[in-house]
Amino acid sequence: MHEAAKRLNEVLEENAPHTYEVLSELGRALYFPKEGILSQSAEAKAKAKRFNATIGIALEDGVPMHLNVIQSHLADFSPNDLYNYAPPAGKPELRSLWREKLLEENPSMRSKHFGNPIVTNALTHGLSIVADLFADAGDAVILPDKNWENYELTFGVRRGANMVTYPLYDASGSFNAAGLEQAILSQQDRGKAIVLLNFPNNPTGYTPSIEEGDAIVAAIESGAKAGVNVVAVTDDAYFFLFFEESLKESLFGKLCDLHPRILPIKVDGATKEEFVWGFRVGFLTFGAESDLVLVALEQKAMGIIRATISSGSHPSQTFVLKALQAPEFKEQKQEKFEIMKRRANRVKVVLDSGRFDEAWRYYPFNSGYFMCLELKRVKAEDLRVALLERQGIGTIALGDHDLRIAFSCIEESDIEALFDAIYETERELSGLTQQ
């Protein structure tokens with residue numbers, strides 16, 4: 001093992017032994033190189049006043065060399081903010097501004113101790129960093145039965161972890177905090193669990209109430225008190241899209257400083273929040289009481305970034321930074337929120353009409369991009385294929401009976417027609433109308 005990795009491990013073992021215990025074998029071996037090209041280039045940037053022949057970019061007239069066929073479309077931006085490599089952890093200004101945004105939008109974080117957000121190549125990359133750092137073969141990844149399928153690839157296929165699920169809803173239609181607690185306590189023999197909290201939930205569009213959020217935190221704390229080291233990951237991909245009474249902030253803040261056996265990690269990003277899906281700008285934030293621990297975790301995360309993508313897209317980070325700094329940013333974002341809210345509300349009005357009750361019910365939803373139908377008479381995959389072939393309508397089949405609808409990409413005026421078409425095709429498959 002490299003000496004730098006050993007030193008980071010010693011810091012964690014001394015200052016946060018339970019955090020050290022949950023590191024994967026790969027996580028313990030990771031470090032960010034202090035010597036080498038990056039460190040020598042950084043030193044040269046500060047001191048090489050005559051010639052700097054270190055980093056692998058080309059310069060011309062004192063700025064990064066570039067093609068006008070590209071720069072002509074980006075005339076509002078300096079070449080220095082586009083073509084240079086971004087630092088492995090991201091542009092410092094963007095990291096600081098995102099931290100300010102987190103504090104503004106999540107009051108429960110203001111009194112808590114957490115690190116500076118690290119820029120990732122969107123949220124999937126952030127989740128894969130978490131998987132690399134903490135998931136070994138056989139470790140339990142605890143998540144609800146209604147979940148994003150990519151978790152299986154990221155934690156299961158890539159790292160060999162076991163997906164341990166519990167029903168998302170209890171008998172009353174509320175979040176199943178008791179099921180979560182039971183799943184965590186089932187790992188007492190192993191002494192470790194990775195808990196994924198994704199709100200608004202993909203695929204159902206559900207966000208717990210404040211009381212349900214407190215119950216979730218209590219369930220995780222119960223597991224920690226029972227001797228389970230919990231890596232608590234809040235996947236906040238669809239943050240801020242809360243259309244009804246529910247939690248309006250991440251549970252990350254309440255999990256920070258809660259118990260020595262709980263390591264909170266926040267994964268979020270501009271991807272969905274700022275409607276820039278293709279920019280691929282996400283963030284990874286660790287919670288810990290000690291600055292030494294935060295630095296050690298950041299160094300290990302940067303080691304993964306250096307070893308995989310080296311650094312994220314500099315232009316994308318610049319575009320997001322400029323947007324966050326713009327005076328019109330909040331107003332424009334609120335305008336898009338209102339459009340999304342109207343679409344979600346229209347879905348409920350249409351579905352609550354009672355016209356479709358014989359064919360399906362819908363899972364509770366109050367936020368995000370999606371909602372899910374639970375089909376009563378036909379299989380989801382059969383309906384998905386029939387909708388595509390007969391109606392030219394795309395949906396997502398999940399399991400035998402769940403059909404996910406992304407109302408985010410349907411105009412409000414088209415929502416009723418969408419569900420009418422789904423119902424018509426469902427009746428055809430059920431043999432109730434002539435095809």
Side-chain angles (χ1 to χ4, degrees), residues 12-13 15-24 27 108-109 112-114 127 130-131 133-148 151-152 154-156 159-170 174-199 201 206-236 247 249-267 285-290 293 297:
L12 292 173
E13 196 167 16
N15 295 277
H18 300 304
T19 296
Y20 173 74
E21 290 168 3
V22 296
L23 284 173
S24 67
S108 62
M109 293 176 63
K112 302 301 179 69
H113 200 239
F114 59 93
L127 291 164
V130 173
L133 279 174
F134 301 107
D136 271 325
D139 285 345
V141 175
I142 297 173
L143 67 172
D145 57 351
K146 312 296 182 189
N147 61 69
W148 183 44
Y151 292 139
E152 170 68 31
T154 305
F155 289 89
R159 300 295 302 156
N162 293 327
M163 302 293 108
V164 177
T165 63
Y166 59 93
L168 174 62
Y169 302 103
D170 63 19
S174 301
F175 182 86
N176 185 17
L180 169 61
E181 181 177 8
Q182 183 178 4
I184 297 172
L185 292 175
S186 73
Q187 301 306 309
Q188 282 179 279
D189 289 344
R190 194 170 184 89
K192 174 183 177 181
I194 300 169
V195 175
L196 296 178
L197 303 171
N198 171 220
F199 306 123
N201 174 264
Y206 185 72
T207 295
S209 67
I210 294 174
E211 295 75 18
E212 289 168 337
D214 290 340
I216 291 169
V217 173
I220 294 172
E221 185 178 25
S222 173
K225 288 179 176 178
V228 181
N229 294 329
V230 181
V231 181
V233 185
T234 61
D235 177 352
D236 298 326
L247 284 171
E249 59 177 298
S250 172
L251 289 175
F252 176 82
K254 292 189 175 183
L255 291 166
C256 283
D257 307 336
L258 183 63
H259 192 281
R261 290 188 182 274
I262 298 174
L263 173 63
I265 305 174
K266 191 177 196 301
V267 181
T285 307
F286 294 105
E289 294 185 11
S290 165
V293 173
L297 291 172

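In what follows, residues are counted from 1 in the order of the sequence shown. Any value given below was found using the heavy atoms of this structure, including those in side chains, with hydrogens, waters and symmetry copies removed.
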Just one of Asp139, Asn229, Asp136 clears the side chain to side chain donor-acceptor pair (under 3.5 Å) bar with Lys192, so which one?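 The single option meeting the side chain to side chain donor-acceptor pair (under 3.5 Å) with Lys192 is Asp139.
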
Do [X] and [Y] have side chains that get closer than 4.5 Å, going by heavy atoms?
| X | Y | value |
| --- | --- | --- |
| Ile220 | Leu251 | no |
| Phe134 | Val233 | no |
| Leu297 | Leu263 | yes |
| Val230 | Leu255 | no |
| Thr19 | Phe286 | no |

Should we say atom CD of Glu152 is surrounded by more than 12 heavy atoms from elsewhere, each under 6.0 Å from it? yes

Work out which heavy atom in [X] is nearest to a heavy atom in [Y]; give both atom names and the distance.
| X | Y | value |
| --- | --- | --- |
| Ser250 | Asp236 | OG-OD2, 2.8 Å |
| Leu185 | Ser222 | CD2-O, 4.2 Å |
| Thr285 | Phe252 | O-CE1, 3.7 Å |
| Ala224 | His259 | CB-ND1, 3.6 Å |
| Ala131 | Thr154 | CB-O, 3.7 Å |
| Gln187 | Ala193 | CG-CB, 4.2 Å |

Under the criterion side chain to side chain contact (heavy atoms under 4.5 Å, CB included), I'd like the reasoning laid out for Asn198 against Tyr151: C-alpha separation, chi angles, the key distance, then a yes or no. CA-CA 11 Å; Asn198 171 220; Tyr151 292 139; 3.4 Å; yes

Any donor-acceptor pair under 3.5 Å from [X] side chain to [Y] backbone:
| X | Y | value |
| --- | --- | --- |
| Lys112 | Cys256 | yes |
| His113 | Glu289 | yes |
| Ser186 | Ala183 | yes |
| Asn201 | Lys146 | yes |
| Asp145 | Leu168 | yes |
| Glu212 | Phe175 | yes |
| Ser24 | Leu133 | yes |

Verdict with reasoning, Met109 to Phe114, per side chain to side chain contact (heavy atoms under 4.5 Å, CB included): CA-CA 8 Å; Met109 293 176 63; Phe114 59 93; 3.5 Å; yes

Drop me the distance from [X]'s [atom1] to [Y]'s [atom2], to the nearest 0.5 angstrom.
| X | Y | atom1 | atom2 | result |
| --- | --- | --- | --- | --- |
| Thr207 | Phe199 | OG1 | CZ | 7.5 Å |
| Leu197 | Ile265 | CG | CD1 | 11.5 Å |
| Glu211 | Ile216 | CD | CD1 | 11.5 Å |

Let's go through Leu196 and Phe155 carefully: what are the C-alpha distance in whole Å and the side-chain angles of both, what is the deciding distance for side chain to side chain contact (heavy atoms under 4.5 Å, CB included) to 0.1 Å, and is it a yes or a no? CA-CA 11 Å; Leu196 296 178; Phe155 289 89; 4.1 Å; yes

CA sep, side-chain torsions, deciding dist, call: Leu143, Met163, side chain to side chain contact (heavy atoms under 4.5 Å, CB included): CA-CA 7 Å; Leu143 67 172; Met163 302 293 108; 4.2 Å; yes

Would you please name every residue forming a salt bridge (charged side-chain N to carboxylate O under 4.0 Å, His left out) with Glu249, sequence neighbours left out?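 With neighbours one apart ignored, the set is empty.
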
Ring pair (Phe, Tyr, Trp, His ring centres under 6.0 Å) filter on Tyr206, not counting sequence neighbours, yields Tyr169

